[in-house]
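Per chain, numbering begins at 1; letters A, B, ... match sequence-line order. Basis for what follows: all heavy atoms, side chains included, without hydrogens, waters or symmetry-related copies.
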Amino acid sequence: MDNERKTLDDRNKMPELERLRHSCAHVLATAIAKLWPDAQFAAGPPVENGFYYDVEVSHRISPEDFPKIEEEMKRVVKANQTFEKVVVPRAQALEDAQKGRLAALGERAVPSKFKLDIVQNIPESEPISYFKNGDFIDLCAGPHVMRTGNIGAFKLTQVASAYYKGDERNPQLQRIYGTAFKNRTEMDAYFAMLEEAKRRDHRKIGQEMGLFALDSEYVGPGLPLWLPKGTAMVEELEKLAKETEFAAGYVRVKTPHIAKEKMYLTSGHLPILYKDSMFPPMTLFSESGSDDAIGDRYYLKAMNCPHHHRIFAAEPRSYRDLPLRLAEYGTCYRYEQSGELIGLMRVRSLNMNDAHIYCSEEQFAAEFNAVNEMYLKYFKIFGIEKYIMRFSTHDPSRLSGDNAKFVNEPELWKKTEDLARRVLVESKINFVEVPNEAAFYGPKIDVQVWSVIGREFTLATNQVDFAVPARFGLKYHDKDNLDKTPLCIHRAPLGTHERFIGFLIEHYAGNFPLWLAPEQVRVLTIGEDEKLVEYANSIVRELRGHFVRAEADLSSNKINGKIQEAEKARVHTMLVIGGRDLEAGNVSVRLHGKGSIGAKPKGEVVADILQAIRERRP
RNA sequence: GCCAGUUUAGCUCAGUGGUAGAGCAACGGUUUUGUAAACCGUAGGUCGUCGGUUCGACCCCGACAACUGGCUCCA
């Protein structure tokens with residue numbers, strides 16, 4: 001994404017706030033150059049909520065250095081230096097870079113190496129420009145604000161490491177992040193918003209509500225334990241998926257969590273493509289003592305598709321069997337890098353809302369479209385509105401050779417990409433097309449969403465596979481009496497339980513609709529009168545008889561205390577009962593976050609609860 | 001995996017080179033209640049793990065682990 005060059009036209013359209021932030025990145029660089037003159041700068045663009053500058057410097061910059069750097073930056077802002085643009089001939093840019101003059105306060109003994117590299121990569125057709133503020137000269141296409149004094153408020157936020165040009169073969173640079181605003185008020189509002197977002201963080205709410213636990217000491221990092229309340233949500237989602245898939249003509253299957261190495265050598269996930277993300281194999285016999293190592297090694301599955309392919313292969317198939325839609329909430333294990341694990345959003349054991357649709361080419365468009373429709377149906381139920389569909393296609397230059405990334409089937413790539421694109425266009429779904437991001441076996445459509453912290457995630461996926469069925473030799477007998485290889489659609493509209501629930505926790509801030517709420521109803525008694533206790537218990541019994549997750553709080557707490565506890569636990573519906581209600585056969589209804597809505601006959605309330613759950617009322 | 005930071009009671013957090021504290025939760029008792037916290041008491045921690053420095057380490061140093069924020073990667 002970043003390696004796509006912005007055109008000069010794009011740059012001229014850069015919004016004021018981005019200009020300001022980019023200008024602030026220059027001010028940051030000015031300060032760092034003053035404090036550590038050996039600093040070598042790479043890129044310093046504006047980003048979503050601020051800016052960063054990548055720098056290579058012998059000093060390890062830590063947040064403790066921020067006050068010192070900020071002080072220097074304030075001096076530059078206060079000096080109100082003009083950002084002066086100078087267009088220079090290419091030869092001069094190369095010469096200045098050699099003299100270490102770029103992104104620096106003066107000439108240096110060593111070249112400005114990253115700037116030099118950047119100059120060399122600027123197309124001949126583009127002019128080369130500097131921006132100067134005071135003595136600091138940086139290679140930059142701009143645009144900037146007029147003067148450093150236009151930067152009203154700024155703050156350095158974090159330091160991270162980043163590879164030059166995002167490539168892990170390149171040197172690691174220190175990336176200093178900051179944010180900047182027109183004025184102090186807007187910056188304060190931004191930090192207040194961040195605090196609010198932290199309160200919604202699924203890790204925090206998950207712990208408060210007792211949904212899941214991460215026991216990295218005994219179970220392992222990234223291997224969540226679903227607590228009873230979280231399991232209730234997991235099962236509601238599975239129920240939704242099973243009903244939806246049943247209605248859409250899917251059939252359910254069950255497969256083991258492990259398979260022999262041969263499975264993944266055949267699928268193509270081993271030896272290269274998935275090796276790093278699979279847990280190491282279980283070896284049943286010592287390799288030295290066995291002539292048949294392949295048969296002896298088992299892997300935890302990182303995906304369900306190969307097992308499903310073997311189910312397809314388990315019986316002879318006719319064109320009459322197609323489309324065959326095999327669904328399973330399969331548990332997969334992926335050895336994600338330790339630094340990548342994030343609460344439920346990125347884990348090492350995952351339950352995927354998986355299914356594989358085997359179909360003919362003629363059936364493909366309708367099936368693919370039906371999957372997209374299913375996504376939209378789900379998103380409507382959850383009120384998910386902020387997402388984009390990302391259509392990932394292949395890069396023809398990577399079909400073969402050392403950096404091959406995609407199966408070498410140019411015609412099939414073109415055919416399926418055209419088909420998928422047409423489905424997207426015809427169904428008027430908004431999407432962005434991203435080259436070079438496809439799965440190795442075919443193009444895919446991912447649904448991208450954002451966590452409260454602003455991190456982007458793939459929530460759901462819909463992938464075309466025209467390669468792996470052939471590797472497994474999957475065939476169906478067609479009308480014309482010929483054996484043909486089916487196309488396969490891999491789809492997971494509800495993603496994985498882990499990520500989907502992680503997302504839903506933040507989406508709802510823990511205030512789930514009744515059908516999904518871990519504790520749907522709590523009956524709160526006023527007093528401990530024996531008849532009242534029996535009334536409470538009878539209500540709970542009745543609700544639980546209809547599979548409603550209901551509890552009673554019969555403790556000796558005062559009613560205000562019970563309400564406080566239930567509200568904090570985010571219980572969806574509270575039924576308060578006292579002597580008055582007992583006599584009238586009523587319950588006083590209070591909804592989480594909405595307060596009391598008054599007393600109603602018990603039967604009416606129970607019926608409404610059941611109805612709301614049945615229709616999955618938002 | 002890489003860079004930086006963090007790790008004290010179940011949770012949220014104080015704290016000092018001389019072997020630790022608060023609030024909430026838990027438990028026990030008292031209270032008997034009308035829509036966001038009744039009162040009193042008890043218990044709970046080899047201060048992430050392992051090494052080192054020191055007369056003495058929760059505090060200083062090192063290694064490791066986990067977590068947090070990024071990078072690369074991905075459902």
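The stretch residues 557-577 of chain A participates, sequence neighbours left out, in these side chain to side chain donor-acceptor pair (under 3.5 Å) pairs: Glu208(A)-Arg570(A), Thr525(A)-Lys562(A), Asn557(A)-Glu565(A), Glu567(A)-Arg590(A), Glu567(A)-His592(A).
When heavy atoms are screened at a 4.0 angstrom cut-off, Asn353(A) is found touching no nucleic acid atom at all. Backbone-only contact: Gln207(A) has heavy atoms under 4.0 Å from sugar-phosphate atoms and none from a base. Within 4.0 Å (heavy atoms only), Lys444(A) reaches sugar-phosphate atoms of the nucleic acid but no base atom. When heavy atoms are screened at a 4.0 angstrom cut-off, Leu173(A) is found touching no nucleic acid atom at all. Residue contacts shown for Leu341(A) are limited to sugar-phosphate atoms, with no base heavy atom under 4.0 Å away. Residue Lys562(A) is out of contact with every strand shown, counting any heavy-atom pair closer than 4.0 Å. At a threshold of 4.0 angstrom between heavy atoms, the contacts of Ala162(A) are confined to the sugar-phosphate backbone, with no base atom among them. Across all strands, Gly561(A) comes closer than 4.0 Å only to sugar-phosphate atoms, never to a base (heavy-atom distances). Residue Ser216(A) is in sugar-phosphate contact alone, with no base atom involved, counting any heavy-atom pair closer than 4.0 Å across all strands shown. Looking at heavy-atom distances under 4.0 Å, Ser555(A) makes contact with a base. Using a 4.0 Å heavy-atom distance criterion, Gly579(A) is classed as a base contact.
Interface remark: the Arg491(A) side chain does not form any donor-acceptor pair with the A75(B) base, using a distance-only criterion of under 3.5 Å. Taking 3.5 Å as the limit, the base of G34(B) and the side chain of Ser588(A) contain a donor-acceptor pair of atoms between them. Under 3.5 Å, the side chain of Tyr177(A) and the base of G5(B) form no donor-acceptor pair of N or O atoms. Counting atom types as modelled, Arg346(A) pairs a side-chain N or O with a base atom of C74(B) as donor and acceptor under 3.5 Å. A donor-acceptor contact under 3.5 Å links the side chain of Asp581(A) to the base of G34(B).
For the C1' atoms, the distance linking G51(B) with U46(B) amounts to 16 Å, nearest Å. When the C1' atom is compared between A26(B) and G44(B), the two are found 9 Å apart, to the nearest whole Å. Here the separation of A4(B) from G45(B), taken at their C1' atoms, is 29 Å to the nearest Å. Here the separation of C64(B) from C3(B), taken at their P atoms, is 10 Å to the nearest Å. Nucleotides G48(B) and G10(B) place their P atoms 12 Å apart, quoted to the nearest Å. C40(B) and G23(B) are spaced 11 Å apart, taking the P atom of each and rounding to whole Å.
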**Prompt:** How does RNA chain B look in dot-bracket form if you count Watson-Crick and G-U pairs under 3.5 Å, write [ ] for pairs that cross, and put | where a base pairs with another strand?
**Reply:** (((((((..((((....[..)))).(((((.......))))).....(((((..]....))))))))))))....

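To the nearest angstrom, P of A75(B) lies 18 Å from NE2 of His202(A). Regarding Ile342(A), its CD1 atom lies at a distance of 10 Å from the P atom of C71(B), rounded to whole Å. Between the CZ atom of Arg580(A) and the P atom of U33(B) there is a distance of 12 Å, rounded to whole Å. We find that CG of Leu223(A) is positioned 10 Å from P of C67(B), with the value rounded to whole Å. The CZ atom of Arg175(A) sits 18 Å away from the P atom of G5(B) (whole-angstrom rounding). If you take CD of Glu565(A) and P of C24(B), they are 13 Å apart, rounded to a whole angstrom. Between the CZ atom of Phe503(A) and the P atom of A75(B) there is a distance of 17 Å, given to the nearest Å. Rounded to whole Å, atom C1' of U31(B) lies 6 Å from atom NZ of Lys558(A).
Neither side chain, Asn351(A) nor Thr496(A), offers a donor N or O lying under 3.5 Å from an acceptor on the other. In the model, Ser277(A) has no side-chain atom that pairs as donor or acceptor with a side-chain atom of Glu336(A) under 3.5 Å.
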What pairs of donor and acceptor atoms, side-chain ones from residues 215-226 of chain A against any protein atom, are under 3.5 angstrom apart with sequence neighbours left out?
unit_1: Asp215(A); atom_1: OD1; unit_2: Glu217(A); atom_2: N; d: 3.4
unit_1: Asp215(A); atom_1: OD1; unit_2: Tyr218(A); atom_2: N; d: 3.1

Donor-acceptor list for residues 575-588 of chain A side chains, cut-off 3.5 Å, not counting sequence neighbours:
unit_1: Asp581(A); atom_1: OD1; unit_2: Ser588(A); atom_2: OG; d: 3.1
unit_1: Asp581(A); atom_1: OD2; unit_2: Gly578(A); atom_2: N; d: 2.9

Under 3.5 Å, which N/O atoms of the protein pair with N/O atoms of nucleotides 60-65 of chain B?
none

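Comparing atom distances between the Ser338(A) side chain and each of G1(B), C71(B), G70(B) picks out G1(B) as nearest. Listed nucleotides A36(B), G1(B), A75(B) differ in distance to Val347(A); the shortest reach to its side chain belongs to A75(B). Taking only side-chain atoms of Gln172(A), from C-beta outward, the nucleotide of C2(B), A4(B), A36(B) with the closest atom is C2(B). Candidate nucleotides A37(B), U32(B), A75(B) were compared by shortest atom distance to the side chain of Arg334(A), and A75(B) ranks first. Checked against U33(B), C2(B), A75(B), the side chain of Thr461(A) finds its nearest nucleotide in A75(B). For Thr496(A), the side-chain atoms get nearest to A75(B) when compared with the rest of A75(B), A36(B), G34(B). Nearest nucleotide to the side chain of Tyr163(A), out of G1(B), U35(B), U30(B): G1(B). Here the nucleotide nearest the side chain of Gln463(A), chosen from A36(B), U31(B), A75(B), is A75(B). Checking A36(B), C2(B), U31(B) against every side-chain atom of Ser161(A), the shortest atom distance belongs to C2(B).
To the nearest 0.5 angstrom, Tyr375(A) atom OH is 10.0 Å from Leu494(A) atom CG. To the nearest 0.5 Å, atoms OH (Tyr264(A)) and CE (Met278(A)) are separated by 5.0 Å.
Pro493(A) approaches Met374(A) most closely through the heavy-atom pair CG-SD, 4.1 Å.
Both Asp446(A) and Arg203(A) lie close to RNA chain B; mapped to their nearest nucleotides by heavy-atom distance, the more 5′-ward contact belongs to Arg203(A). Where Arg348(A) and Met352(A) each meet RNA chain B at their nearest nucleotide, the meeting point lying more 5' is that of Arg348(A).
The pair Asp201(A)-Arg203(A) counts as a salt bridge, with a side-chain nitrogen and a carboxylate oxygen less than 4.0 angstrom apart. Under 4.0 Å is where a charged nitrogen must lie from a carboxylate oxygen, and between Arg199(A) and Glu196(A) at least one such pair does.
The closest side-chain heavy-atom distance from Phe457(A) to Phe503(A) is not below 4.5 Å.
Asp395(A) pairs by the salt bridge (charged side-chain N to carboxylate O under 4.0 Å, His left out) definition with nothing, not counting sequence neighbours.
More than 12 heavy atoms of other residues, nucleotides or ligands shown are found within 6.0 angstrom of CD on Glu534(A).
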